[in-house]
Amino acid sequence: MKGAEALLKALEREGVEVIFGHPGGAIMPTYDALYDSNIRHILVRHEQGGVHAATAYARASGRVGVVMATSGPGALNLVTGLADAYMDSTPVVAITGNVPRALIGTDAFQEADVTGVTMPITKHNYLVQDVNEIPRVVREAFHIAATGRPGPVLIDIPKDVQLAEFTGDFDVALDLPGYKPTTKGHPKQIERALDALEKAERPILMVGGGAQHAHGELLTFAEKTGLPVITTLMGLGAFPGNHPLWLGMPGMHGTVAANRAIHHADVILAIGLRFDDRVTGKVSRFAPHAHTIIHVDIDPAEIGKVVRTHIPIVGDARLVLKEMLKGAKPLRLAGWWRELEEWRTRYPLRWKPKPHLQSQEVIRAFFEATGGNAIVTTGVGQHQMFAAQFFPVTRPRSFITSGGLGTMGVGLPFAIGAKFARPDELVIDFDGDGSFQMTLQELATVVKYGLDVKVVILNNGYLGMVRQWQDLFHAKRYSEVYLADSNPDFARLAEAYGIRGIRVERKEDLRKGVEAVLNADGPVVAEFKVYHEEGVFPMIPAGGAAEDMIIEHPEEKEEVEA
């Protein structure tokens with residue numbers, strides 16, 4: 001058995017069924033062995049598309065996503081996706097080929113120090129120099145990627161190691177003395193947290209992506225206590241978006257009710273989130289009335305990193321919530337809920353009717369037509385925020401977007417990965433005309449594998465979010481954001497790939513267009529021409545706080561005092 005065959009056998013032993021990738025010279029021995037393997041390989045058109053697809057596969061399934069690439073440019077094309085997976089705590093194993101060991105460090109053809117490059121954006125990485133180490137490395141890589149705070153791990157294997165004769169053992173013991181994540185919360189800290197909640201007058205429960213796997217316990221805990229629930233962008237779906245306890249998303253483009261609740265809360269229970277700057281705004285003005293912040297996270301490095309934590313609980317969200325449920329009691333929050341309901345009723349998410357088609361009404365139309373029963377992926381930009389606002393997610397692992405890195409172009413490859421993870425579900429990619437064009441070549445992957453994904457492009461002819469900031473903060477000096485003069489005809493572009501293309505330009509055609517997309521047999525690229533001056537509101541300006549929240553465009557002169 002050669003090293004390449006040993007690699008694939010080790011992957012099979014980890015339960016790998018799907019690998020996304022693109023071949024090349026330094027990884028060719030492994031692709032040769034793949035020819036006889038039971039593992040399904042998905043040929044993407046660019047390595048970045050492969051790593052994003054692997055990320056979405058992991059996010060949608062709860063399993064480790066796997067991507068493969070060759071050395072040099074192939075491996076380096078994974079960098080953005082690995083950074084994205086790292087920031088959003090997604091378990092991905094990337095396998096790259098490298099030049100033969102004797103050529104490493106000589107600037108050989110297609111050589112790059114991929115382990116050096118990816119060290120800051122992976123949980124761990126390996127350069128395999130002994131063929132018999134392959135089973136151990138693979139087992140460790142999957143364990144590290146999927147346990148503790150999940151994240152990407154890279155395995156770099158020189159070509160001659162892939163070709164070397166394997167004489168080792170696959171039954172290797174997992175021995176990582178320096179890696180022992182704490183999963184059970186400290187009982188005394190849990191007791192302190194419950195006591196603080198019981199004494200609170202205005203408590204809230206903030207939930208991040210680290211609680212996606214704890215959705216059942218989370219729902220039970222919230223309903224038992226009556227706590228108002230706020231979910232971050234990455235936490236959407238961890239708690240049902242149609243539940244009466246849900247206040248919405250916090251932060252820069254969050255709801256008024258959620259941001260006001262944070263501002264006035266006296267106790268905050270935060271589970272599986274890292275207090276990102278888009279959530280906190282100016283940290284010194286974040287939650288000024290909170291005398292107690294309880295932070296539950298499996299990564300101790302996150303606790304106290306951004307905001308002061310009074311009751312830290314290091315542990316797995318699901319296990320901690322199970323313990324908290326044992327002592328949880330209904331809380332007396334009638335007065336607090338009256339305030340929350342007033343904010344929620346007075347300031348719902350809305351848009352002002354205009355003669356032009358608007359992104360918000362397109363997304364809402366898809367939500368109403370599907371009842372919210374879809375996996376939603378997005379690119380990055382205004383459409384991303386509109387989707388988060390107007391497509392309430394009711395199930396875990398069903399809203400897949402780039403939160404930490406904010407990677408344009410992820411929408412389409414995310415949809416591909418999600419469809420392979422959950423093939424029987426409807427997958428909709430809400431994308432922007434700018435974001436979509438960064439990875440549109442993956443339409444070929446959609447065609448090759450007959451993937452029934454629905455791509456909905458909200459085409460406003462601009463890099464919309466950049467334009468919005470230039471509008472608000474740069475005196476309307478629209479520098480290098482206009483796309484309409486060079487955008488393709490997206491419907492005809494889809495048809496060139498053999499995909500059905502749909503174009504909707506008028507408001508009166510919206511419902512008919514939505515039905516055409518959803519009723520189509522197979523993949524669709526639907527272009528909706530939307531209002532080019534639309535903005536995402538509410539909005540807290542960068543570096544601001546809840547007191548600075550703008551409900552609508554300043555020219556419409558509506559602001560909210562916290």
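Just so it is clear, the structure is predicted and the values come from calculations on it, not from any experiment.
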Shortest non-hydrogen contact from [X] toward [Y]:
X      : Y      : value
Ala265 : Ile268 : CB-CG1, 4.0 Å
Leu233 : Gly403 : CD2-CA, 4.0 Å
Ala108 : Leu103 : CB-CB, 3.9 Å
Thr106 : Glu111 : N-OE1, 3.5 Å
Ile121 : Pro152 : O-CG, 3.5 Å
Ile157 : Leu7   : CD1-CD2, 3.8 Å

List the steps and the verdict of side chain to side chain contact (heavy atoms under 4.5 Å, CB included) for Val410 and Thr401. CA-CA 7 Å; Val410 295; Thr401 192; 5.5 Å; no
To the nearest 0.5 angstrom, please state how far the [atom1] atom of [X] sits from the [atom2] atom of [Y].
X      : Y      : atom1 : atom2 : value
Arg285 : His263 : CZ    : NE2   : 8.5 Å
Leu426 : Lys419 : CG    : NZ    : 7.0 Å
Thr231 : Met206 : OG1   : CE    : 9.5 Å
Ile294 : Ile271 : CD1   : CD1   : 9.0 Å
Glu165 : Glu5   : CD    : CD    : 8.0 Å
Asp429 : Thr378 : CG    : OG1   : 7.5 Å

Looking only at atom types and distance, does a side-chain atom of [X] sit under 3.5 Å from a main-chain N or O of [Y], one as donor and one as acceptor?
X      : Y      : answer
Arg40  : Val18  : no
Glu17  : Ile39  : no
Ser71  : Gln110 : yes
Lys123 : Ile144 : yes
Thr183 : Leu319 : no
Arg139 : Val172 : yes
Thr225 : Lys329 : no
Gln212 : Met234 : yes
Arg63  : Gly15  : yes
Tyr57  : Ile416 : no

For [X], I'd like to know if atom [atom1] has over 12 heavy atoms of other residues, nucleotides or ligands within 6.0 Å.
X      : atom1 : value
Phe109 : CZ    : no
Asp169 : CG    : yes
Asn38  : CG    : no

Please tell me if the side chains of [X] and [Y] come closer than 4.5 Å, counting only heavy atoms from C-beta onward.
X      : Y      : value
Val92  : Tyr86  : no
Phe20  : Val66  : no
His213 : Asp316 : yes
Ile400 : Phe414 : yes
Arg274 : Arg149 : yes
Pro250 : Asn259 : yes
Val283 : Phe275 : no
Gln162 : Ile27  : yes

Residues Val307, His295; criterion side chain to side chain contact (heavy atoms under 4.5 Å, CB included); working and verdict: CA-CA 10 Å; Val307 301; His295 191 177; 5.6 Å; no
The test is side chain to side chain contact (heavy atoms under 4.5 Å, CB included); show your working for Ile262 and Phe286 and say whether it passes. CA-CA 8 Å; Ile262 294 170; Phe286 175 74; 3.4 Å; yes
Can a side-chain donor-acceptor contact be found between [Y] and [X] if the only test is distance below 3.5 angstrom?
X      : Y      : result
Glu140 : Tyr126 : yes
Glu12  : Ser37  : yes
Thr118 : Asn125 : yes
Thr30  : Asp32  : no
Ser402 : Asp84  : yes
Arg278 : Thr232 : no

Reference residue Gln48; test side chain to side chain contact (heavy atoms under 4.5 Å, CB included); the match among Leu78, Thr407, Leu76, Val67: Thr407
Any salt bridge between Asp130 and Arg101, counting N to O under 4.0 Å? no
Tell me every residue that passes side chain to side chain donor-acceptor pair (under 3.5 Å) with [X], counting only those two or more places apart in sequence or in another chain.
X      : value
Thr90  : none
Lys305 : Glu302
Arg308 : none

Hey, mind stepping through Lys326 and Glu323 against salt bridge (Lys or Arg N to Asp or Glu O under 4.0 Å) and telling me if it holds? CA-CA 5 Å; Lys326 294 177 182 178; Glu323 291 303 309; 3.0 Å; yes
By the definition side chain to side chain donor-acceptor pair (under 3.5 Å), identify the one residue from Asp156, Thr115, Thr70, Asp113 that meets it with Asn98. Asp156
Mind running salt bridge (Lys or Arg N to Asp or Glu O under 4.0 Å) on Glu425 and Arg395 for me, showing each step along the way? CA-CA 12 Å; Glu425 297 203 34; Arg395 301 175 301 157; 2.8 Å; yes
The test is side chain to side chain contact (heavy atoms under 4.5 Å, CB included); show your working for Leu205 and Leu218 and say whether it passes. CA-CA 10 Å; Leu205 172 55; Leu218 184 64; 3.8 Å; yes
Which is it for Asp195 and Lys188 under the salt bridge (Lys or Arg N to Asp or Glu O under 4.0 Å) test, yes or no, and what are the steps along the way? CA-CA 10 Å; Asp195 183 60; Lys188 288 292 185 183; over 6 Å; no
